[in-house]
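Sequence lines set the chain letters: A, B, ... in the order given, protein chains first and strands last, and positions in each chain run from 1.
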Amino acid sequence: MRIPPDDLIGWFDSAERDLPWRAPGITPWQILVSEFMLQQTPVSRVLPIWPDWVTRWPTPSATAAATAADVLRAWGKLGYPRRAKRLHECAIAIARDFDDVVPDDVDVLQQLPGIGGYTARAIAAFAYRKPVPVVDINVRRVVARAVHGRADPGAPSANRDHADVAALLPDADRAARFSAALMELGAVVCTARAPNCAMCPLRSCAWREGGFPPGTAPKRPAQRYAGTDRQARGRLLDVLRDNEFPVSRAELDVAWPVDTVQRDRALASLLADGLVEQITDGRFALPGQDRNDSTASR
DNA sequence: GATACGTGGTC
DNA sequence: TGACCAAGTAT
């Protein structure tokens, strides 16, 4: 089953959300920043952060000139702070190796820190209008339903997923807009929990025509958060973000007081990820931040 | 392929 | 209330 490009793009022309990174004049770097922030993160959480971020650091070289500590603080509680670290590393690489210009080639992009198959294609398509398949969870869900008649996408398979979407793409001039529309449809109409089929612009849908067969129950237990190493890492990072100067181990201990083994494991993993560093006096700080404070200054 | 990796909103 | 979900990447 195919998806008529005119139906989908026509719907998108009237229903497209007014997201700031889609505005005219937004640069490839600013689009790249939005894609990093949107990895596994709802639009509503990115909206308050992205405008300030791209105003403060409008280019790769401006971002590269900041410290990792500044970047991690600006990232705040967006989640997955390794993304912020990789965005910083990505900026450094583009400033150094690509003359401050975001590459437009999928394979080149994918070599950069923090850029995988989705983000590389999103930048190529949305920043450079390249006719490459852009496959995120929204697209996989829409294709699973409209094309394959299944309630949910199966396990990701890059080659198969790209081939599925490549077969749907219209002419090169409209491919990028078609991809954006496909993502938008999955994000606002053909959603995971409560698809709004009454508002769907697709004339035909294999899932609907098959009587909405249910999906299979997930095999893995639902992701939990409370009590995990992830939560412990988050608490430790909270302390470091909130302190302008390095903090002692005792100050970190307070942030995760019960399970000392877990706390040590979390701290070790943060150090290994380069999200925290230990300075010579034994205290801890965000990477690259000012080591001076009132007691250390002479 | 499975797993680790944040955080907060929603039903 | 707790399970599910959100524009993924790296190992």
Side-chain angles (χ1 to χ4, degrees), chain A residues 16-17 19-22 31-50 72 75-87 89-90 109-127 132-143 151-161 165 176 179-188 190-195 215 217-238 240-241 255-256 262 265-266 268-270 272-276:
Chain A
E16 178 180 8
R17 288 171 295 175
L19 302 176
W21 44 88
R22 291 172 173 170
I31 290 172
L32 180 154
V33 171
S34 77
E35 293 298 343
F36 268 75
M37 291 182 172
L38 287 162
Q39 289 168 2
Q40 291 284 284
T41 304
V43 166
S44 61
R45 306 245 322 270
V46 174
L47 245 18
I49 292 183
W50 180 88
L72 285 166
W75 195 261
K77 305 200 71 162
L78 236 204
Y80 292 139
R82 293 197 294 198
R83 289 182 296 164
K85 184 72 162 41
R86 290 176 184 144
L87 176 56
E89 293 164 0
C90 187
L109 284 162
Q110 204 165 341
Q111 292 306 117
L112 292 167
I115 297 186
Y118 163 75
T119 302
R121 287 173 174 76
I123 293 166
F126 303 147
V132 295
V134 182
V135 182
D136 73 337
I137 184 60
N138 292 305
V139 170
R140 297 197 329 107
R141 185 173 53 251
V142 171
V143 170
D152 303 299
S157 166
N159 287 335
R160 182 162 45 70
D161 295 341
V165 176
S179 287
L182 210 48
M183 287 179 60
E184 188 87 341
L185 186 67
V188 304
C190 194
T191 59
R193 202 165 350 196
K219 292 182 297 185
R220 290 200 312 142
Q223 60 176 340
R224 64 216 174 288
Y225 182 56
T228 60
D229 286 11
R230 283 150 99 156
Q231 188 183 32
R233 284 166 53 105
R235 292 283 170 81
L236 297 176
L237 227 37
D238 254 350
L240 294 163
R241 275 194 301 260
W256 197 260
Q262 187 175 40
R265 188 170 61 231
S269 73
L270 288 170
D273 286 345
L275 295 173
V276 175

Nearest-Å distance for atom pair [atom1]/[atom2], residues [X] and [N]:
X: A:Glu184; N: C:dA7; atom1: CD; atom2: C1'; value: 10 Å
X: A:Lys85; N: C:dT9; atom1: NZ; atom2: P; value: 18 Å
X: A:Leu109; N: C:dT9; atom1: CG; atom2: C1'; value: 15 Å
X: A:Asn138; N: C:dA7; atom1: CG; atom2: P; value: 4 Å
X: A:Arg140; N: C:dG8; atom1: CZ; atom2: P; value: 10 Å
X: A:Leu32; N: C:dA7; atom1: CG; atom2: C1'; value: 13 Å

Mark up nucleotides 5-11 of chain B, 5' to 3', with B wherever a protein heavy atom is under 4.0 angstrom from a base atom, S wherever such an atom reaches only the sugar-phosphate, and - elsewhere.
-> BBBSBB-
Would you mind listing every salt bridge (charged side-chain N to carboxylate O under 4.0 Å, His left out) that reaches into residues 132-142 of chain A, with sequence neighbours excluded?
-> A:Arg140-A:Asp161
Quick one: are A:Tyr80 and A:Arg86 in side-chain contact, heavy atoms under 4.5 Å?
->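 The answer is no; the side chains never approach within 4.5 Å.
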Among residues at least two apart in sequence or on other chains, which ones pass side chain to side chain contact (heavy atoms under 4.5 Å, CB included) with [X]?
X: A:Arg17; value: A:Leu19, A:Arg22, A:Val43, A:Glu184, A:Ala187, A:Val188
X: A:Leu270; value: A:Arg233, A:Leu236, A:Leu237, A:Leu275, A:Val276
X: A:Ser157; value: A:Arg160

Kindly state which residues belonging to residues 114-127 of chain A come within less than 4.0 angstrom of DNA chain C, counting heavy atoms of the residue only, listed by number.
->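 A:Gly114, A:Ile115, A:Gly116, A:Gly117, A:Tyr118, A:Thr119, in order of number.
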Have a look at A:Trp21 and say if it touches a base, only the backbone sugar-phosphate, or nothing, with a 4.0 Å heavy-atom cut-off.
-> base
Please measure how far the P atom in C:dT11 lies from the corresponding atom in B:dG6, and state the result in whole Å.
-> 14 Å
Between C:dA7 and B:dA4, how far is it from one P atom to the other, in whole Å?
-> 23 Å
Please list, chain by chain and in numerical order, all residues satisfying ring pair (Phe, Tyr, Trp, His ring centres under 6.0 Å) with A:Trp256, sequence neighbours excluded.
->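 Residues passing ring pair (Phe, Tyr, Trp, His ring centres under 6.0 Å) with A:Trp256: none at all.
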Who pairs with A:Arg83 by side-chain hydrogen bond (donor to acceptor under 3.5 Å, both in side chains), at least two apart in sequence or on another chain?
-> A:Thr41
Kindly write out the residues that satisfy side-chain hydrogen bond (donor to acceptor under 3.5 Å, both in side chains) with A:Arg45, not counting sequence neighbours, or none if the list is empty.
->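 Applying side-chain hydrogen bond (donor to acceptor under 3.5 Å, both in side chains) to A:Arg45 gives none.
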The single option from A:Gln110, A:Gln39, A:Glu35 passing side-chain hydrogen bond (donor to acceptor under 3.5 Å, both in side chains) against A:Tyr118 = A:Glu35
If you pin A:Pro113 and A:Arg22 to their nearest nucleotides in DNA chain C, which one's is more 5'?
->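 On the 5' side of the pair lies A:Arg22.
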